[in-house]
Amino acid sequence: MENKVSRRDFLRLSAVGLGASVLSGCSNGLLGDDLFRTKFQEMSPNQVKEVLKRLEEKYSGKYGTQFSVTATPAKENVLFGYGLDLSRCIGCRRCVHACVKENNPSRETQIQWIRDLRMKKGVLDLEKAEHYYSPEQVPEEGHYYIPVQCQQCENPPCVKVCPVKATWKEPDGIVVVDYDWCIGCRTCMAACPYRARKFNWKEPVIPKDEINPQTHYLGNRPRMRGVVEKCTFCIQRTREGRYPACVEACPVGARKFGNLLDPKSEIRYVIENFRVFRLKEELNTEPKFYYFFSMGA
Amino acid sequence: MRRQFNTNPIFMVTLFLVGLVPVLDVRAGSGQDLSLSPAGVLSSPLFPCSTCHAGMEPNLQKRALSFHPEIKIQGHGEPRRWCLDCHDAGNRDSLRLLNADTVNFNESYLLCAQCHGNIFRAWKAGIHGKRTGMWDGPKRYVLCTSCHNPHSPRFKPLKPEAAPLRPEETLRR
């Protein structure tokens, strides 16, 4: 049991006026190194190395398996984009569960970064969607499906509202969260028009045999209670050149991913050959997540 | 569509074993390494087909079969379609193109491409169907036949994976 109050907890608790009651329960931890840690973005390469090593040890011990925590930076001339073919998606949720397996969200509170929305044909209003559907088979007559996850906005409202700058847009366009800097105020969640951000109300629980030890500092490393998380385009995979887990899991091949700056990429093919649209375009969030219909359009 | 690479059986078998079948002619973009998922039929108990068929006189007659009863052509151009439109009568381990060229099962996309040209082009570009591996490196194509049974090609419905818990259910945890 962790008896230390980190800077994160401290700021969060004092923010809601609970500081005093919790502070009385601890004494020595408060001035531990967590409180005065440097922000990830301002760390020197050596500090990063040190932090990654410490985290690897911590997680390896906790989960009984050798962890790798990387901080592979964005490649130059890469801007990630995603395409989703709604004429193919059958709402089977293979993506939802592949994402859980890859990204280490809490199983107990069941955090999921992808929501598969079921819509009645002819209806466009996302608020009328259902995501608890559970028929014997999909697709179902008269319905279509829209998976929604972080849209990796070029103009992300979540980033703008963060009071401590714990969330930002990386040079390759991925919006990330530094869990060690997040104070859990959830302002970003309220600002996100796509409901893409999830909050850890409780200490996350992941069975040891379900943990994925291949992690990125800004992605799927284990989180803690009181922080916000969301899809990172599988930063731990895509920064190494691999496809995101949801792309590979999709049985109908509806998910396309690649570099928007590379004219030969799949995503550029999608944008140049189909009519694409983005969710809630009128909000000017400029998502880099494009929906399209490869047929029947 | 011409094949441009060595189809020497030993060479191909070796490649099957390591799971890497080169497809020089479906090159989609920049000089990337591309490979194919292996054809399902290669792990069928019936394969190699020649174990039986090599000793059988090919019968070109369209008829009800006493063997392979599970194979029904459905939604694929029946009643005109017949087995030997796709399977090679002389060598049952191969498929047969309209121009009488033969291709092996790992190249079945060349068979499909004859009648589904647009889809084939989209597949090559990684749009129809899918590729796995690296977005900026070697990719592996999933064959048409991994998703479509060539005899009844409509994509089969799936059982969806578990729905998320409703908020009230999560809170009870």
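Every chain is numbered from 1, with letters handed out A, B, ... down the list of sequences. Hydrogens, waters and symmetry mates play no part in the numbers below; they use all other heavy atoms, side chains included.
- Residues B:Arg131 and A:Glu266 are paired through a salt bridge, judged by an N-O separation under 4.0 Å between the basic side chain and the carboxylate.
- Annotation: the span from B:Ile119 atom CD1 to A:Ser294 atom OG amounts to 7.5 Å, rounded to 0.5 Å.
- Residue B:His128 holds its NE2 atom at 9.5 Å from CG of A:Asp85, rounded to the nearest 0.5 Å.
- A:Pro135 touches chain B through backbone and side chain together, each having a heavy atom under 4.5 Å away.
- Remark: B:Arg63 CZ is packed, more than 12 non-hydrogen atoms of other residues, nucleotides or ligands lying under 6.0 Å away.
- Closest approach of B:Lys130 to A:Lys256, counting heavy atoms only: CA-NZ, 4.1 Å.
- More than 12 heavy-atom neighbours from other residues, nucleotides or ligands sit within 6.0 angstrom of CD on A:Glu272.
- Only the side chain of A:Arg88 comes within contact range of chain B, with heavy atoms under 4.5 Å apart.
- Once rounded to the nearest 0.5 Å, the distance linking OG1 of A:Thr238 with CG of B:Asp136 reads 10.0 Å.
- Proximity to chain B (any heavy atom under 4.5 Å) is shown, for A:Val96, by neither the backbone nor the side chain.
- At a threshold of 4.5 Å between non-hydrogen side-chain atoms, the residues B:Pro164 and A:Arg93 count as touching.
- The nearest pair of heavy atoms linking A:Gly91 to B:Pro160 is O-CB, 4.2 Å.
- Only the side chain of A:Gln112 comes within contact range of chain B, judged by heavy atoms closer than 4.5 Å.
- Heavy-atom minimum distance, A:Tyr133 versus B:Ala163: O-CB, 3.8 Å.
- The residue among A:Lys75, A:His97, A:Arg115 with the most heavy atom pairs within less than 4.5 Å of chain B is A:His97.
- Taken to the nearest 0.5 Å, the CZ atom of A:Arg94 stands 5.0 Å off from the CG atom of B:Leu158.
- Closest heavy-atom contact between B:Leu165 and A:Gln110: N-OE1, 2.7 Å.
- Of the listed residues (A:Phe80, A:Tyr243, A:Tyr82), just one forms a ring pair (Phe, Tyr, Trp, His ring centres under 6.0 Å) with B:Trp135, and that residue is A:Phe80.
- One distance of note links CD of B:Glu161 with CG of A:Asp116; it measures 10.0 Å at 0.5 Å rounding.
- Other residues, nucleotides and ligands contribute only 12 or fewer heavy atoms inside 6.0 Å of the CD atom of B:Glu57.
- More than 12 heavy atoms of other residues, nucleotides or ligands shown are found within 6.0 angstrom of CZ on B:Arg81.
- Residue with the most contacts toward chain B among A:Cys250, A:Ser134, A:Ala254, A:Pro263: A:Cys250 (heavy-atom pairs, distance under 4.5 Å).
- Heavy-atom pairs under 4.5 Å with chain A were tallied for B:Ala122, B:Ala162, B:Ser146; the largest tally goes to B:Ala162.
- Enclosure of atom NZ in A:Lys120 is not indicated, since only 12 or fewer non-hydrogen atoms of other residues, nucleotides or ligands lie within 6.0 angstrom.
- A:Ala249 touches chain B through its backbone: at least one of N, CA, C or O sits under 4.5 Å from a heavy atom, while the side chain does not.
- For the residue pair B:Cys147 and A:Pro251, the shortest heavy atom distance occurs at SG-O, 3.9 Å.
- Taken from CD in A:Gln137 to NZ in B:Lys159, the straight-line distance is 9.0 Å, to the nearest 0.5 Å.
- Relative to the ring axis of A:Tyr132, B:Arg166 places its NZ or CZ within 45° and under 6.0 Å from the centre.
- For chain B, the nearby part of A:Glu240 is the backbone; its heavy atoms alone come within less than 4.5 Å.
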